[in-house]
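Below is one structure, written out as structure tokens, with a few remarks after it.
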Amino acid sequence: MLTIYGNPLSTCTRKVLCLLAEKNAPFEFSLIDFTKGEHKKPAFLARQPFGQVPAIEHDGFELFESRAICRYLDEVLDGPKLIPGDARDRAVVEQWISVESANFTPHAMRIIYQLMLGPMRGQTPDLTIVEMARASLGHTLSIMEARLERSEYLAGPEFTLADLVYLPYIEFLFACEQGDLITGHPLVGAWWSRCSARPSWRRAAGRG
Ligand SMILES: N[C@@H](CCC(=O)N[C@@H](CS)C(=O)NCC(=O)O)C(=O)O
């Protein structure tokens with residue numbers, strides 16, 4: 001029995017939902033309602049001490065942190081593997097996941113915060129922060145562009161967890177009308193089109 005504690009609008013929950021759709025795995029979804037502050041209440045803090053989604057419970061085993069959850073579920077569930085068994089192939093997947101968490105997502109989230117999450121809380125966007133984050137993200141995207149000259153997906157010829165982890169942030173960049181960052185890099189744009197057309201991502205993003 002697998003239960004996901006999350007919110008369908010959360011980027012990190014969507015990573016796990018996409019992985020589960022790739023595996024066609026059954027699960028129960030337990031909604032953590034941010035509007036009621038459920039993520040900061042003791043019942044959820046007992047599962048995730050930082051008060052952030054997602055968390056899972058799998059046959060009594062509890063885990064939080066979206067990337068750790070994805071790695072675990074990829075290993076224990078049936079279905080296509082999103083992390084290869086070969087040591088070198090797996091290392092390349094891990095390399096691009098590290099790039100996502102260190103060099104992509106912090107810049108993307110600064111943009112998303114300024115243009116979407118902050119304004120939802122009544123804050124005025126700081127366009128200087130947006131411009132600085134766009135420049136930093138542009139540098140990362142140029143490195144991804146160069147990589148995609150060598151393979152259809154970031155870690156090789158197949159879609160892997162290395163691609164999946166970027167998708168929620170790119171979806172929100174488009175929602176903030178910053179999609180030019182992606183389409184301005186033709187190979188990254190084509191890669192995004194391939195990845196975002198997958199039924200698993202469409203389902204995770206609430207479009208399929
Ligand atoms: N490193 C964590 C980050 C989780 C995270 O930031 N979740 C966001 C939603 S995408 C959240 O719960 N935010 C509410 C908060 O931080 O109070 C993971 O990958 O699971």
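We're numbering straight along the sequence, starting at 1. Both counts, for ligands and for their atoms, begin at 1 and track the order of listing.
Taking only nitrogen or oxygen atoms, main chain and side chain alike, Glu65 reaches within less than 3.5 Å of ligand 1.
Between Arg67 and Glu100 there is a salt bridge, since a side-chain N of the basic residue sits under 4.0 Å from a carboxylate O of the acidic one. Using a 4.0 Å cut-off between a side-chain N of Lys or Arg and a carboxylate O of Asp or Glu, Asp180 and Arg134 qualify as a salt bridge.
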Passes salt bridge (Lys or Arg N to Asp or Glu O under 4.0 Å), Lys81 versus Glu158? Steps please. CA-CA 10 Å; Lys81 289 286 176 208; Glu158 309 286 345; over 6 Å; no
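Close approach to Thr11 involves these atoms of ligand 1, each under 4.0 Å from a residue heavy atom: 10 (S). Of all atoms in ligand 1, numbered sequentially from 1 with element shown, those under 4.0 Å from a heavy atom of His39 are 14 (C), 17 (O). Residue-ligand proximity, Arg67 to ligand 1, at heavy-atom distances under 4.0 Å covers atoms 19 (O). Near Pro54, with a cut-off below 4.0 Å to any heavy atom, the atoms of ligand 1 are 20 (O).
In this structure, atom 7 (N) of ligand 1 lies nearest to the protein heavy atom Val53 O, 2.9 Å. For atom 20 (O) of ligand 1, the closest non-hydrogen atom of the protein is Ser66 N, 2.9 Å.
A ring pair (Phe, Tyr, Trp, His ring centres under 6.0 Å) with Tyr166 holds for exactly one of Phe159, Phe104, Trp96; it is Phe104.
The aromatic rings of Tyr5 and Phe44 sit tilted, their planes meeting at an angle between 30° and 60°.
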